[in-house]
Every structure is written in structure tokens, then in C-alpha cells.
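To keep things clear, I will list the structure first and then write my remarks on it.
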Amino acid sequence: MATPYAKELEVAQLAVQRAARLTKRVFHEKAKGTVSKDDKSPVTIGDFGAQALIIAALRHHFPSDEIVAEEEAAQLRADAPLRDQIWELVRTTRLDDADAEAFLGGAIPDADAMLDLIDRGSSQGGARGRIWAIDPIDGTKGFLRGGQYAVCLGLMVDGDVKVGVLGCPNLPVDDAAPLTADIGGAHQTDEEGRGVLFSAVQGQGATSRPLGAGALREAKAISVKPVTDLSSATFCESVESGHSNQSESAQIAQKLNITKPSVRMDSQAKYGSLARGAGDIYLRLPTSKTYQEKIWDHAAGDLIVREAGGQVTDTTGSRLDFSVGRTLASNKGVVAAPAAIHGQVIKAVQEVLGLSK
Ligand SMILES: Nc1ncnc2c1ncn2[C@@H]1O[C@H](COP(=O)(O)O)[C@@H](O)[C@H]1OP(=O)(O)O
Ligand SMILES: [Mg+2]
Ligand SMILES: [Mg+2]
Ligand SMILES: [Mg+2]
């Protein structure tokens, strides 16, 4: 019997790898074609281009699947120079391996087809059927700042995440590298030391491999690091204080007798770092009563950490619920940690947030 979701996994891994290749080209450009969206958050030509490439591959293999993606093409339809800049990027980005490129369905025919593909990400999500969640660049602020970012893709079936893939071009390849916020010293070029592809299928464990430019590279099984002494634990959180309450996380760390300062890192790279034991705890504490986390910001990371032996819940201790639409409308915040200590962490979170019963 074939391994469940083997094809979805392979398509997702190669699609993320190809999209990451496009984002790396933009990352090294001075001008990243940044425009601001109606919610004032930034988006670059890399976000749009990566979304087009990923959706092209998904449509080629799974044409009747639904897609929830962060970006939409409306702005591009009204801005021909921006559209053409993105089209040039998309047209010229492919995997080095001809078989892998053909497997993804080959080139997008023209700029209009590219716009239509970007707009295929408008599903409202929900609890029924096969729905992909795409964040083409998660951590756009990190991307613009020269920090960490991630190309994120997850597949939900009836609201339950079955496949998760994260492409993290700026994380060190070495799973054992200490967790640092910066992207490695100047000596580390892309090729030699950076770029990781994390993936997981429900019930089949989690892996990491070097992010390649062609066929998939050799994978290694990964797992969270068992924490014996909490006081030496490393906890990570957003760089952006607007995305997570950093004073509350400091109080929680104090309650847990954690002495090391937090590692502040952009994007779902934090989930990947936990899954391979580089970080121990991820705290994402609400900064507003109304903000609802997007499903594309968490689907892949949630599965990868849990398949690596971690536990991921919101601040009340409930699992993240991906079945209620484009957002995690029934959750507040995120707490991720090795399963053995998650209960202790949640207790401290609830005491500090005043949620304890
Ligand atoms: N108030 C908020 N609370 C939590 N996450 C937020 C908030 N505002 C934006 N985000 C999202 O945080 C994600 C990045 O997470 P991190 O800070 O850990 O890198 C982005 O996808 C960003 O969405 P957006 O793309 O709309 O800005
Ligand atoms: Mg965004
Ligand atoms: Mg995001
Ligand atoms: Mg994004």
C-alpha cells in the first residue's frame, strides 16, 4: 500500500524548493519591489512570485483541491510595471533538475496566467475537503530586514493538517547549529551553509534536509530536544513586538527559571528550529484582543513540531483549529514545546496571562 500523502509531500517539497529559489533571488536584490497592502503590512515581488509558482504546481497535480493563500493579484492587475517585474522573476526561476521541473508541470505560459494562478488562493477554507494553505514569504519584515523568513505550505483534509513543508533559506543547514537570530556570519554563503527544507506527514515523523536548487537532497529524521533542566532552555519568539507580547514572555521565562534571553526570530523558522531541537520553547502571546492568526502562518509548523515530538497549542492549551476558515478564529496565541514539558510551560503561561482556572 502506498504511503499516505506521498505524492502531496513530493509536490509540496519541490514546489517550496522552487519558490524558495525565487525568494532568494529577491532577497539578494537591493530593490525588493515592496508595496504595502491595505492592512499596512509589506509585500514584495518575492511574495507574489513564490505564490504563483507554488499554486502552478498544486494546480498541475491536484486541480480540484482548494487553496488558501496570503496574497492576491488585484494590486498587480492595476500596476503593469510591477506585474512585469514579477513575471520576469517567475518566468526565469526553475529547478536545476529537468525531471523535477517537469514533475511540477513546467513553465507558466504568460503573465496573465500568472495573475490567475495567484488569485487561485482565495478559498475561504473550512472543515471539509482538501485545502492547501500557502504563505509564500512568512516573515516579510524579516525578509526585508535581512533576517529569517520561510516559504510555507500545508495541506489540510477535513480541517486536519496532513502535510507540512517549510523552506527556510537563511537557517543553517546543520541541525545542531546553535539557535541564533542572525543569519550566520559573513563567511557563510548561501551555498555552503544555509538553507533548510523541513517537512512532515501526519503519523510519519518530521525531517530536515538542505534546501536544494534541483532534485530533493538527502533527508534526516528530526526530533525536539528533550529538556531535562528548564533553566537552561532556549525560548524563541517574534522579532516584531507587534506580533507577540515580549514582556509577558519574559515573565513566563522567569516563572520557568529560564535564564537565557529569548532568541527573536522571524517566521515559521521558529517551528522548524524547535522541531530539530535547536530551540526548546516557542511563545507567541497575543498583542491584541481582535487579531486572529492566519492558518498559513501556522499549519506547516504545527504539524512539523508535533511530528517531531513536540506539542503545539494556543495559550489556553487547546490544539490549533485549522477548520474554521482562513484564520485560527477559535485560538489565541501559540505555545509550542517538547511534549514532556508543554504542561509546565502552559501552566506558567496561564498564570502570567491570568488565564489559570
Ligand atoms: N498582531 C499580530 N499578531 C500576531 N501575528 C501577526 C500580527 N500582525 C501580523 N502578524 C503576522 O505575523 C507573521 C510573522 O510572524 P513572526 O513575527 O513570528 O515572524 C506574519 O505573517 C504577520 O502577518 P502579515 O503577513 O499580515 O504581517
Ligand atoms: Mg504578510
Ligand atoms: Mg505570514
Ligand atoms: Mg506572508
Side-chain angles (χ1 to χ4, degrees), residues 5 8-9 11-12 15-16 19 37 39 41 43 47 50-51 54-55 58 62 65-72 118-140 149-168 198-202 206 238 240 243-244 266-272 274-275 282 284-288 290-307 310-336:
Y5 301 103
E8 286 83 354
L9 176 64
V11 172
V16 165
K37 296 158 75 172
D39 67 356
S41 64
V43 60
D47 299 68
Q51 180 160 319
I54 292 172
I55 294 183
L58 296 180
F62 313 111
D65 285 3
E66 286 191 50
I67 300 172
V68 170
E70 177 172 9
E71 311 305 347
E72 56 178 14
I118 290 171
D119 278 342
R120 285 275 179 179
S122 58
S123 161
Q124 287 314 303
R128 310 290 318 138
R130 289 168 49 102
I131 304 174
W132 295 85
I134 308 175
D135 191 344
I137 292 182
D138 180 41
T140 303
Y149 69 96
V151 178
C152 313
L153 181 57
L155 170 63
M156 303 170 303
V157 179
D158 300 338
D160 186 23
V161 184
K162 299 291 185 190
V163 179
V165 177
L166 291 175
C168 302
F198 295 105
S199 51
V201 176
Q202 192 182 78
S238 296
E240 297 290 326
H243 297 175
S244 182
D266 293 282
S267 85
Q268 292 200 54
K270 293 187 282 293
Y271 281 119
L274 238 68
Y282 168 19
R284 189 181 193 88
L285 307 172
T287 59
S288 97
T290 52
Y291 181 81
Q292 294 185 0
E293 297 283 350
K294 312 294 194 317
I295 60 169
W296 54 77
D297 278 334
H298 300 282
D302 172 83
L303 178 68
I304 289 165
V305 168
R306 286 186 298 106
E307 283 300 319
Q311 174 58 296
V312 184
T313 67
D314 66 9
T315 50
T316 70
S318 310
R319 280 278 312 280
L320 302 186
D321 180 354
F322 294 92
S323 70
V324 289
R326 289 174 68 94
T327 66
L328 295 176
S330 37
N331 295 109
K332 281 306 263 179
V334 176
V335 176

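Given the structure is predicted, the values throughout are model-derived calculations rather than measurements.
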Does the side chain of [X] reach to within under 4.5 Å of the side chain of [Y], using non-hydrogen atoms?
{"X": "Ile55", "Y": "Ile118", "value": "no"}
{"X": "Ser41", "Y": "Thr140", "value": "no"}
{"X": "Ile54", "Y": "Trp132", "value": "no"}
{"X": "Lys294", "Y": "Glu70", "value": "no"}
{"X": "Leu153", "Y": "Leu58", "value": "yes"}
{"X": "Lys162", "Y": "Arg130", "value": "no"}
{"X": "Phe62", "Y": "Leu155", "value": "no"}
{"X": "Leu328", "Y": "Ile295", "value": "yes"}

Can a donor-acceptor pair be found, under 3.5 Å and without considering hydrogens, that links the side chain of [X] to the backbone of [Y]?
{"X": "Glu307", "Y": "Ala200", "value": "no"}
{"X": "Asp314", "Y": "Gly317", "value": "yes"}
{"X": "Asn331", "Y": "Asp321", "value": "yes"}
{"X": "Gln51", "Y": "Glu71", "value": "yes"}
{"X": "Ser267", "Y": "Ala269", "value": "yes"}
{"X": "Ser244", "Y": "Leu285", "value": "yes"}

Verdict with reasoning, Leu166 to Val16, per side-chain contact (heavy atoms from CB on, under 4.5 Å): CA-CA 7 Å; Leu166 291 175; Val16 165; over 6 Å; no
Inter- and intrachain pairs under ring-ring contact (aromatic ring centres under 6.0 Å, His included), touching residues 310-332, at least two apart: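 ring-ring contact (aromatic ring centres under 6.0 Å, His included) check on residues 310-332 returns no pairs.
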Give, for atom [atom1] of [X] and atom [atom2] of [Y], the distance between the pair rounded to the nearest 0.5 Å.
{"X": "Gln124", "Y": "Ile131", "atom1": "CD", "atom2": "CD1", "result": "10.0 Å"}
{"X": "Asp47", "Y": "Ile137", "atom1": "CG", "atom2": "CD1", "result": "4.0 Å"}
{"X": "Asp135", "Y": "His298", "atom1": "CG", "atom2": "NE2", "result": "9.5 Å"}
{"X": "Lys270", "Y": "Arg284", "atom1": "NZ", "atom2": "CZ", "result": "5.5 Å"}
{"X": "Ser122", "Y": "Glu66", "atom1": "OG", "atom2": "CD", "result": "9.0 Å"}

Residue pair Tyr271, Phe198: steps toward the side-chain contact (heavy atoms from CB on, under 4.5 Å) verdict: CA-CA 10 Å; Tyr271 281 119; Phe198 295 105; over 6 Å; no
Heavy-atom closest pair, residues [X] and [Y]:
{"X": "Asp266", "Y": "Glu240", "value": "OD1-CG, 4.4 Å"}
{"X": "Ala12", "Y": "Val165", "value": "CB-CG2, 3.7 Å"}
{"X": "Cys152", "Y": "Asp138", "value": "SG-CB, 3.6 Å"}
{"X": "Ile304", "Y": "Ala275", "value": "CG2-CB, 3.6 Å"}
{"X": "Leu303", "Y": "Val161", "value": "CD1-O, 3.7 Å"}
{"X": "Val151", "Y": "Ala19", "value": "CG1-CB, 4.1 Å"}

Distance-only polar pair, side chains of Tyr291 and His243, donor-acceptor under 3.5 Å: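 Side chains of Tyr291 and His243: no pair found under 3.5 Å.
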With Lys332 via salt bridge (charged side-chain N to carboxylate O under 4.0 Å, His left out) - residues at least two apart: none
Residue Arg326 excluded, over 12 heavy atoms near CZ under 6.0 Å: yes
Crowding at CD, Gln202 (>12 non-hydrogen neighbours, <6.0 Å): yes
Step-by-step side-chain contact (heavy atoms from CB on, under 4.5 Å) determination, Gln268 to Cys168: CA-CA 8 Å; Gln268 292 200 54; Cys168 302; over 6 Å; no
Chi angles and distances behind the side-chain contact (heavy atoms from CB on, under 4.5 Å) call for Val305, Tyr282: CA-CA 10 Å; Val305 168; Tyr282 168 19; over 6 Å; no
